[in-house]
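Working notes for the structure below.
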There are 4 protein chains.
Amino acid sequence: MSDSNEEMFKQLVETLNQDNTMTQKQLQILEAAIKIISEKGYYNTSTSEIAKQAGVAEGTIFRHYRTKKDLLVAIVTPVVTNISAPFFAEQFVDQAFSKSYQTFEEFLYAFVENRFEFVKTNVPLLKIVLQELSFHPEIQAAYKRAFTEKVHPAMCEVLNHYKKRGDLKDIPNQTMIRMAVPSIIGFLITRFIIQPNAEWNDEQEIKQTIDYIMNGIGK
Amino acid sequence: MSDSNEEMFKQLVETLNQDNTMTQKQLQILEAAIKIISEKGYYNTSTSEIAKQAGVAEGTIFRHYRTKKDLLVAIVTPVVTNISAPFFAEQFVDQAFSKSYQTFEEFLYAFVENRFEFVKTNVPLLKIVLQELSFHPEIQAAYKRAFTEKVHPAMCEVLNHYKKRGDLKDIPNQTMIRMAVPSIIGFLITRFIIQPNAEWNDEQEIKQTIDYIMNGIGK
Amino acid sequence: MSDSNEEMFKQLVETLNQDNTMTQKQLQILEAAIKIISEKGYYNTSTSEIAKQAGVAEGTIFRHYRTKKDLLVAIVTPVVTNISAPFFAEQFVDQAFSKSYQTFEEFLYAFVENRFEFVKTNVPLLKIVLQELSFHPEIQAAYKRAFTEKVHPAMCEVLNHYKKRGDLKDIPNQTMIRMAVPSIIGFLITRFIIQPNAEWNDEQEIKQTIDYIMNGIGK
Amino acid sequence: MSDSNEEMFKQLVETLNQDNTMTQKQLQILEAAIKIISEKGYYNTSTSEIAKQAGVAEGTIFRHYRTKKDLLVAIVTPVVTNISAPFFAEQFVDQAFSKSYQTFEEFLYAFVENRFEFVKTNVPLLKIVLQELSFHPEIQAAYKRAFTEKVHPAMCEVLNHYKKRGDLKDIPNQTMIRMAVPSIIGFLITRFIIQPNAEWNDEQEIKQTIDYIMNGIGK
DNA sequence: TATGAATGAGTATTCATTCAT
DNA sequence: GATGAATGAATACTCATTCAT
């Protein structure tokens, strides 16, 4: 497991290194920081601990990140992009409109599966986001903005589309979102954070979740 | 508002003082601690700040609570009881069985309204619980125990009762709970923590939430 | 010598404790700080060193002085008052006008002797002031203000008085001051800072200095 | 002004490069170091700041100067030579003896004017010397040596010469020097460091200073 | 020769906790 | 019980210096 974890953290860090400008040491720092902070929280993690775990001198951290907080931000900010990635991509809405998905349910299924995989491979990062969001208003702001500017509008477009097709009840988008989103997030949090070690039949759980949502908002 | 807040915090503290063994100073300490910690988080709140806000010497805090963490525990542990209070009370299951509620929906409505009021009057305490739960395994344990030992069994009993009555689909309790709970919690968090200042039509929102749940698990 | 120094530093600190509000520890901190900073300079003196020398925990320093700089300011600000004390006292000008001194030379003699004694008993404090003045604009400001608002006006009044009496040449006060002050300060710095260990015939040196000044500005 | 400053600093550096052995980078380093250190002091100036200002990598500084202190010494040591240059030059004494100056006053005038120009063009270097002298005993030593071995003897020779000519009072050289030097230095410091931005009538001020000195030590 | 990433000892400051009064 | 001065371990951050390239 330790081995597979090693791999996992390296992949996470690679995600943060999208423009490939990071040095080896910087990658080690990020890897260590994610590992420890996701386990113990930002305030319980000292820079000296990160340095030790990263196999790097403490000063090296501050060569790359002016402050400890900057390091947190460097970890947590890219996640907002990836969380809402599907909504940014134009294909998202396009696909919905195209014949890719015959029904809303099909669309929803694809969406949930996609986000399921995303969460699965990003648990440590998402733990950090969940835990620290309350304490860092600047980070909160980034997430709120992404939601109101990108995610929410894209959701509405899609919902409108399928409403016209007659797949959905005649309920305000606002309401639909307020119902469906916690159902999805609730599932993912239970699955990967509250009870990650329980035995899960993922396929079935996803199907049940979607059924549940469709009963609530589908026609 | 400041005035009404004063009142609110005093009430919160009274809840923690159920056996009436606390001194005046102790109440002041708890009140101050809840106020500040719920705003800034445990690690961003110093004991000296709490002491000042409580109008008490710093040493006095440690006369009542051996460590800062003990203070947190003193705040956060009683909440678990109150959160799950309905499930502890024998009346809870009894009521369900009695004729108090003709249908599951009626029961659910009463339950959600009850928890709605609870959350409404306990926002600061619940914020603290939500924020700190991740970082303090001992506290987590208390919550997990309460859930598995009390809440979950009680829920099952009730569900079984209404299943027999034919109000509910023939789905495993496990699944029903996994669907319904996030719907309720999701609503309450959105309502009181994420967007407490939005304009809410609470009655309508509760009704919608229940409809949504009932569509998913009701017959 | 160590013994006499002990005494000396305690006296210096007493001067800073004029309102008698300082605790024992605080006096120890000031004493240690003056001793070390006057020898090695502010930037070469660490708070841990001061704490050790003062026989006090490092945290204790910061209980009394919010920052290291605050400690410096606490040492250096009172000195400005004492340096210019004679000019603050109303007696200063009054005496000059009264029959206390028949001639300007007599007056000057009394003044130089007085400042000589002051410098003699305040060498460490004055060293600190001289050394740090360049680096701390806030401190500079305090000194400039004292000079322009108190010292300079008082000097002018006195000079005018003795000009009328015919003791002094008809030269602008400005010029007189620019000549006489460096002569006095130059003597005191040479005497107590540059060559404190040379053999000095103080009485004679003071007389010579005054003669020199009087030749320059006296009639 | 920025332009004229650029020029000024380049000239200062050229002075330090008398044997023309310095590389371009080295000159840039010195220039940057003088500029920043004279403004903010040695301890408030980091080598990285100097490197950046010099347009040079941080390591380059240490290729030329083993330590940061060495850099300071490289800046400050040559100044001692230039400060006391007139006394080193054999012409200095010779001129005094030759018919170049009919009287001591003439000689003094030439000397003060010469040092006035020197200070004027070396303010940044002299600021550094004044500020740092207290903290670096090695540098102090260099200055003390130059004074006792060269400056003082040369002064004495000159004074003796003019004493014989009957231009000066019959006072010990020691005393004369102790009076005259602070008068000159006091003027220059006031003029260029304490109040560099005041409106100065330099010619007149120099004359006044010399008159003042001559009254004190001239016959 | 020049670079600049990496180092790690050193520093000011914070803060939970103790304890004499 | 209550106080608040004192503690000292812990922490984020700086910076002169080194060294592989």
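Letters go in sequence order (proteins before strands), and every chain restarts at 1.
Separating the CD1 atom of C:Ile61 from the C1' atom of E:dA12 is a distance of 10 Å, rounded to the nearest angstrom. C:Ile29 has its CD1 atom 14 Å from the C1' atom of E:dT13, to the nearest Å. In this structure, D:Glu58 atom CD and F:dT18 atom P are separated by 12 Å, rounded to whole Å. Between the CG atom of C:Leu72 and the P atom of E:dT13 there is a distance of 12 Å, rounded to whole Å. The interatomic distance linking D:Asp70 (CG) with F:dA16 (C1') rounds to 12 Å, in whole Å. Taking atom CD1 of residue A:Ile50 and atom C1' of nucleotide E:dG8, one finds them 17 Å apart after rounding to whole Å. For A:Met22 and E:dA6, the CE to P distance is 13 Å, given to the nearest whole Å. As a whole-Å value, the separation of C:Gln28 CD from F:dA5 P is 16 Å.
Among the atoms of the strands shown, base atoms are found under 4.0 Å from some heavy atom of A:Thr60. If you check every strand for non-hydrogen atoms under 4.0 Å, D:Thr47 touches a base.
Residues B:Leu133 and B:Tyr143 approach most closely at CD1-CD1, 4.0 Å, considering heavy atoms.
Remark: F:dT14 base-pairs with E:dA9; criterion is Watson-Crick or G-U wobble with both hydrogen-bond distances under 3.5 Å. Nucleotide E:dA20 has F:dT3 as its partner under the Watson-Crick or G-U criteria, with both atom distances under 3.5 Å.
Inspection of the C:His64 and C:Lys25 side chains reveals no N or O donor paired with an N or O acceptor under 3.5 Å. With no hydrogens or angles considered, no side-chain donor-acceptor pair links D:Ser48 and D:Glu58 at under 3.5 Å.
In terms of position along DNA chain F, the nucleotide closest to C:Gln24 lies nearer the 5' end than the nucleotide closest to the other residue of the pair C:Gln24 and D:Tyr42. Both B:Ser46 and A:Val56 lie close to DNA chain E; mapped to their nearest nucleotides by heavy-atom distance, the more 5′-ward contact belongs to A:Val56. Mapping D:Gly59 and A:Asn44 onto DNA chain F by nearest heavy atom places A:Asn44 at the nucleotide closer to the 5' end. Along DNA chain E, the nucleotide closest to A:Gln26 and the one closest to C:Lys68 are compared, and the more 5′ of them pairs with A:Gln26.
Listed pair D:Lys25 / E:dT3 meets the phosphate criterion, a side-chain N or O lying under 4.0 Å from OP1 or OP2. Contact check, D:Arg63 against E:dT1: a side-chain N or O comes under 4.0 Å of OP1 or OP2. Between A:His64 and the phosphate of E:dA5, there is no side-chain N or O to OP1/OP2 separation shorter than 4.0 Å.
Few gaps surround NZ on D:Lys69; more than 12 heavy atoms of other groups in view lie less than 6.0 Å from it.
Using a 4.0 Å cut-off between charged side-chain N and carboxylate O, D:Glu39 and D:Lys127 make no salt bridge.
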